[in-house]
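All remarks here apply to the structure that follows.
No hydrogens, no waters, no symmetry mates; every other heavy atom, side chains included, goes into these values.
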Amino acid sequence: HRIVADIYCGHRLQQVCGRDRLDYVHVLQQLGALSFSEMSYGAEVRIVPDSRRDFFLLQIPIAGTDRLQVDGAACMSDARLASMQGPDSGLAMHWSADCRKFVVRFERRALERHAVALLGEVVGPRLSFPVTIDLTAPRARAWVSTARHVSQELGSDAALAEEGLVRHDLEQIDRKS
């Protein structure tokens with residue numbers, strides 16, 4: 001519980017079924033304003049994060065399902081459909097016991113600066129994304145594959161995050177943070 005709060009934010013965690021043993025697993029790789037995690041609880045859980053966060057979160061189920069409420073709208077996330085939450089999104093999650101996710105955390109300021117650099121202008125009062133992302137789409141599959149590869153390489157050699165050329169190419173959004 002404390003590990004998740006330190007990486008993401010404070011939250012309420014409730015185990016849904018007492019017969020499953022809570023077996024939390026979390027592997028974290030940092031790359032400046034980005035982090036990559038693989039995580040699971042090993043039990044059916046409900047999670048309600050604090051409402052104010054300073055990051056965007058892309059959650060990609062590798063196994064199992066997550067029934068979410070994002071800003072009051074219900075959606076289901078699984079190996080075919082990822083979910084994206086913004087810093088101000090109201091969020092409640094219900095992970096199946098077999099749910100395991102690959103999660104990418106983007107620092108809000110860095111992602112907003114990156115959007116301005118790409119578009120040449122500020123995009124309204126706040127940057128937003130669709131709540132769900134179709135993982136069967138070729139671009140989404142390619143992006144997820146690249147992100148997982150970067151995470152795996154960082155897991156093999158964490159010093160890669162400090163290599164200037166590697167860091168610049170992989171984390172353009174961390175400029176001027």
Side chain proximity check, Val150 to Gln152, heavy atoms < 4.5 angstrom: no

Reported CG-to-CZ distance for the pair Leu111 and Arg113, which is rounded to 0.5 angstrom: 10.0 Å

Approximate separation, where rounding is to 0.5 Å, of Lys101 NZ and Ser77 OG: 5.5 Å

Same apolar cluster (I L V M F W Y, side chains within < 4.5 Å links), Val144/Phe36: yes

Over all atoms of both residues, closest heavy-atom pair of Ser83 and Leu68: OG-CD2, 3.8 Å

Trace of the side-chain hydrogen bond (donor to acceptor under 3.5 Å, both in side chains) decision for Glu44 with His94: CA-CA 7 Å; Glu44 186 178 355; His94 187 141; 2.6 Å; yes

ILVMFWY cluster, Leu34 and Phe129 together (side-chain gap under 4.5 Å): yes

Pro61 versus Leu81, closest heavy-atom pair with distance: CD-O, 4.0 Å

Verify same cluster id: Ile47, Leu22 (apolar side-chain graph, 4.5 Å): yes

Gap between atom CD of Gln30 and atom CG of Leu154 - 0.5 Å precision: 9.5 Å

Which atom of Leu28 lies closest to which atom of Ser35, heavy atoms considered: CD1-CB, 3.8 Å

Ser151 versus Glu153, side-chain donor and acceptor atoms under 3.5 Å: no

Minimum-distance pair of heavy atoms, taken over all atoms of Cys75 and Val131: SG-CG1, 3.9 Å

Closest heavy-atom pair and its distance - Gly86, Phe56: CA-CD2, 3.6 Å

Note, Val104 side chain near Met84 side chain (heavy atom, < 4.5 Å): no

Parallel, tilted or perpendicular, as decided by the 30° and 60° cut-offs, for the rings of Trp95 and Tyr41: perpendicular

Reported CG-to-CD1 distance for the pair Leu135 and Ile133, which is rounded to 0.5 angstrom: 7.5 Å

Hydrophobic cluster identity match, Tyr24 and Val27, side-chain contacts under 4.5 Å: no

Heavy-atom neighbours of Arg141 CZ exceed 12 at 6.0 Å: yes

Considering all heavy atoms, the nearest Val70-Ser89 contact: CG1-CB, 4.2 Å

Salt-bridge contact Asp54-Arg105 (side-chain N to carboxylate O under 4.0 Å): yes

Common cluster, Ile60/Met76, ILVMFWY with side-chain heavy-atom separation under 4.5 Å: no

Residues Arg108 and Asp88 bridged, charged N to O under 4.0 Å: yes

Aromatic ring proximity Phe106/Phe55, centre distance under 6.0 Å: no

Side-chain touch Val103/Leu57, heavy atoms, less than 4.5 angstrom: yes

SG-CG distance between Cys99 and Asp66, expressed to the nearest 0.5 angstrom: 5.5 Å

Nearest-0.5 Å distance that lies between atom CE in Met93 and atom CD in Gln85: 7.0 Å

Residues Arg100, Glu38: salt bridge by 4.0 Å N-O rule: yes

